[in-house]
2 protein chains.
Amino acid sequence: MPFHPACHSYEPVTIADRLFLDLRRAILEGELPAGKKISEPELASIYGVSRGSLREAISKLENCNLVTRRPNIGARIVNFSIDQLMEIYQIREAMEGMAARLAAKNMTEAELAHLKSLVARHKDSLLHTERPAKTDYSQDADVDFHFCIIQGSKNQRLLTMLCQDLYDLVRFYRMRLSPAFSSTAMQEHELIVQALERRDGEMAELLMRYHVRASRDRAKQRLESMSPEELGSHH
Amino acid sequence: MPFHPACHSYEPVTIADRLFLDLRRAILEGELPAGKKISEPELASIYGVSRGSLREAISKLENCNLVTRRPNIGARIVNFSIDQLMEIYQIREAMEGMAARLAAKNMTEAELAHLKSLVARHKDSLLHTERPAKTDYSQDADVDFHFCIIQGSKNQRLLTMLCQDLYDLVRFYRMRLSPAFSSTAMQEHELIVQALERRDGEMAELLMRYHVRASRDRAKQRLESMSPEELGSHH
DNA sequence: ATACACAAGATTGTCGACAATTTTATTTCA
DNA sequence: TGAAATAAAATTGTCGACAATCTTGTGTAT
């Protein structure tokens with residue numbers, strides 16, 4: 001699960017960079033449990049690097065909001081609540097709504113074609129598989145859909161802000177949920193694509209905002225019906 | 001020009017923290033020229049700290065988007081174009097629009113009263129001063145207005161994203177412009193406050209989005225009428 | 001004269017050791 | 001027994017030195 005190409009260089013040239021990617025994956029996959037304190041000497045010896053390099057990597061993780069640091073105390077893996085996840089959805093509603101509006105104006109025909117094929121493939125996989133397997137990539141497909149539109153907005157900073165500051169947190173939470181991508185969401189995606197094809201920015205924004213809001217409600221409902229221990233430790 | 005209290009701790013306890021604040025101020029005030037490459041040995045000796053601490057401070061500056069780093073090459077002070085500033089305004093339109101919508105719902109009466117007094121004071125100073133002096137704080141007042149609303153949204157992450165990732169960049173650019181806060185913008189502020197008083201989130205969002213868009217257009221017009229050398233080096 | 005190859009210099013990345021602070025364990029007193 | 005003070009251990013912050021990489025200047029060949 002690498003960064004998307006437009007957000008980060010694929011090839012980590014420095015030790016701290018590689019370490020950052022390794023730790024990021026470990027955090028997202030739950031290998032490093034949420035809320036756990038990071039012991040610098042311990043992790044450094046595990047990964048066989050110096051504490052200096054490790055600290056640099058931790059700094060980068062802090063940028064992605066995957067760890068929080070307090071001076072003289074240390075760093076902890078994030079462990080955020082349902083309310084905080086809802087906050088993120090609210091921000092996504094605003095930012096991705098704007099992204100859709102801009103994409104309607106700035107997306108190239110090639111990008112639109114790619115987006116359409118992406119949605120078509122996704123629809124196919126939903127029809128042909130009885131129920132999503134454990135190796136189901138519908139969630140990645142969903143991320144790809146959103147990423148594609150954000151990229152189409154041609155607003156570079158919007159892209160990096162969403163990818164660097166928000167999407168890792170979304171992944172962080174998603175990893176801890178049962179994979180559930182509904183056909184309802186699928187239809188919402190299709191409506192958005194249609195608006196983009198018509199180059200109707202106003203409508204694209206409205207539909208995207210509705211879609212994110214609906215996704216938030218679906219996530220909230222799912223989360224509140226789960227038992228606390230299913231979610232792992234929160235707070 | 002410190003961080004706002006809700007965003008960062010005022011008291012830097014560690015050397016790297018103090019250095020970060022010092023460098024941040026130096027960058028925003030143009031003491032360190034835009035686009036200049038940072039020499040780690042040079043800066044470290046100037047501030048009388050080790051390169052390690054300096055590198056940590058630079059990391060923090062990178063989070064605020066005030067410097068960009070490339071591995072094995074070094075860090076440079078940002079130097080962004082008018083187009084990039086416009087990108088930021090687009091993001092602000094979306095995020096602050098949402099902030100206004102949420103603030104209409106979540107702001108306390110005390111916060112609303114504070115906001116009103118803030119706008120009143122601002123209006124007064126606009127009437128009584130012939131034309132904005134060099135020591136004019138109308139720009140800070142404008143920042144305070146927006147900050148107040150963002151804080152009122154009660155969305156903590158929205159607050160930190162705007163303060164940490166965007167507002168420093170806005171300040172960075174503003175510092176290099178002639179102070180120009182129009183009475184038009186003042187009136188827009190008043191309309192927004194009225195909508196907040198009515199707890200009309202829909203309208204508050206619309207008005208805020210209009211205000212940010214108008215501010216963007218005003219800034220763009222002003223920038224394009226300036227000679228390139230007035231702006232300092234860009235690209 | 002221009003372009004390329006190479007060497008010298010400077011800069012960044014990495015490491016281990018020491019200092020300052022926090023956390024934990026122990027002792028002491030009410 | 002419980003709470004506060006104190007000592008010991010562990011952790012984080014800071015520093016200077018070395019290695020790897022990039023940049024600059026020089027020389028050479030076409």
Side-chain angles (χ1 to χ4, degrees), chain A residues 3 8-24 26-27 32-79 233 235, chain B residues 3 8-24 26-27 32-79 233 235:
Chain A
F3 269 116
H8 259 253
S9 57
Y10 267 119
E11 278 309 322
V13 331
T14 177
I15 291 183
D17 270 338
R18 161 151 306 280
L19 204 65
F20 162 66
L21 289 176
D22 284 354
L23 289 174
R24 174 173 170 275
I27 293 173
L32 289 170
K36 179 173 184 181
K37 178 168 186 312
I38 290 180
S39 166
E40 290 184 5
E42 187 185 338
L43 264 192
S45 79
I46 289 179
Y47 283 87
V49 298
S50 80
R51 261 186 61 224
S53 298
L54 174 65
R55 281 169 68 85
E56 190 135 335
I58 292 178
S59 269
K60 292 176 192 293
L61 289 172
E62 204 183 0
N63 296 16
C64 296
N65 299 307
L66 288 177
V67 312
T68 58
R69 274 181 113 174
R70 286 194 313 174
N72 279 320
I73 291 187
R76 304 191 87 88
I77 315 286
V78 292
N79 181 18
S233 63
H235 277 359
Chain B
F3 268 116
H8 260 252
S9 58
Y10 267 118
E11 279 309 321
V13 353
T14 178
I15 290 183
D17 270 338
R18 160 151 307 280
L19 204 63
F20 162 66
L21 288 176
D22 283 353
L23 289 174
R24 174 173 170 274
I27 293 174
L32 289 170
K36 178 172 184 181
K37 180 171 185 309
I38 291 179
S39 166
E40 290 184 5
E42 187 186 338
L43 263 192
S45 80
I46 288 177
Y47 284 86
V49 298
S50 80
R51 261 186 61 224
S53 298
L54 174 65
R55 281 167 68 84
E56 191 135 336
I58 292 178
S59 268
K60 292 175 192 293
L61 290 172
E62 205 184 359
N63 296 18
C64 297
N65 299 307
L66 288 177
V67 310
T68 58
R69 272 180 115 176
R70 286 194 312 173
N72 279 319
I73 291 188
R76 305 190 86 89
I77 315 287
V78 292
N79 180 19
S233 63
H235 278 0

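Below, read A as the first sequence line, B as the second, and so on, with proteins coming before strands; counting in each chain starts at 1.
Side chain of Ala16(B), nearest nucleotide from dT14(D), dT12(D), dT12(C): dT14(D). The side chain of Lys37(A) sits closest to dT12(D) out of dG13(D), dC22(D), dT12(D). When each of dT11(D), dG13(D), dG13(C) is scored by its nearest atom to the side-chain atoms of Ser39(A), the top-ranked nucleotide is dT11(D). Among the nucleotides dG13(D), dC15(D), dC15(C), the one closest to any side-chain atom of Ile15(A) is dC15(C). Closest approach to the Val49(A) side chain among dT22(C), dC15(C), dT12(C) is made by dC15(C) (side chain taken as heavy atoms from C-beta onward). Closest to the side chain of Ser53(B), out of dG13(D), dC22(D), dT14(D), is dT14(D). Which of dC15(C), dT21(D), dG13(D) sits closest to the side chain of Ser50(A) comes down to dC15(C).
Between Tyr47(B) and Ser53(B) the shortest side-chain heavy-atom distance does not fall below 4.5 Å. A heavy-atom distance below 4.5 Å is found between the side chains of Asp17(B) and Lys60(B).
In this structure, Ile73(B) places its CD1 atom 19 Å from P of dA20(D), rounding to the nearest Å. Protein atom NZ of Lys60(B) is 9 Å distant from nucleotide atom P of dG13(D), rounded to whole Å. Here the P atom of nucleotide dT14(D) and the OH atom of Tyr47(B) are 16 Å apart, to the nearest Å. Atoms CD1 (Ile38(B)) and P (dC22(D)) sit 20 Å apart, rounded to a whole Å. What separates CZ of Phe20(A) from P of dG13(C) is a distance of 16 Å, to the nearest Å. When the C1' atom of dG13(D) is taken as reference, atom CD of Glu56(A) falls 15 Å away, rounded to whole Å. At whole-Å resolution of the value, CZ in Arg18(B) and C1' in dG13(D) are 16 Å apart. The interatomic distance linking Glu40(A) (CD) with dA10(D) (C1') rounds to 12 Å, in whole Å.
For dT12(C), the OP1/OP2 oxygens have no side-chain nitrogen or oxygen of Thr14(A) closer than 4.0 Å. Phosphate contact (OP1/OP2 of dT21(D), side-chain N/O of Arg70(B), threshold under 4.0 Å): absent. A sub-4.0 Å separation between OP1 or OP2 of dG16(D) and a side-chain N or O of Arg51(B) is absent.
The CD atom of Glu40(A) lies 8.5 Å from the CD1 atom of Ile38(A); values are rounded to the nearest 0.5 Å. Going from atom CG of Leu61(A) over to atom CD1 of Ile77(A) covers 7.5 Å, rounded to the nearest 0.5 Å. Atoms CD1 and CG, on Ile46(A) and Leu54(A) in that order, are 10.0 Å from each other to the nearest 0.5 Å.
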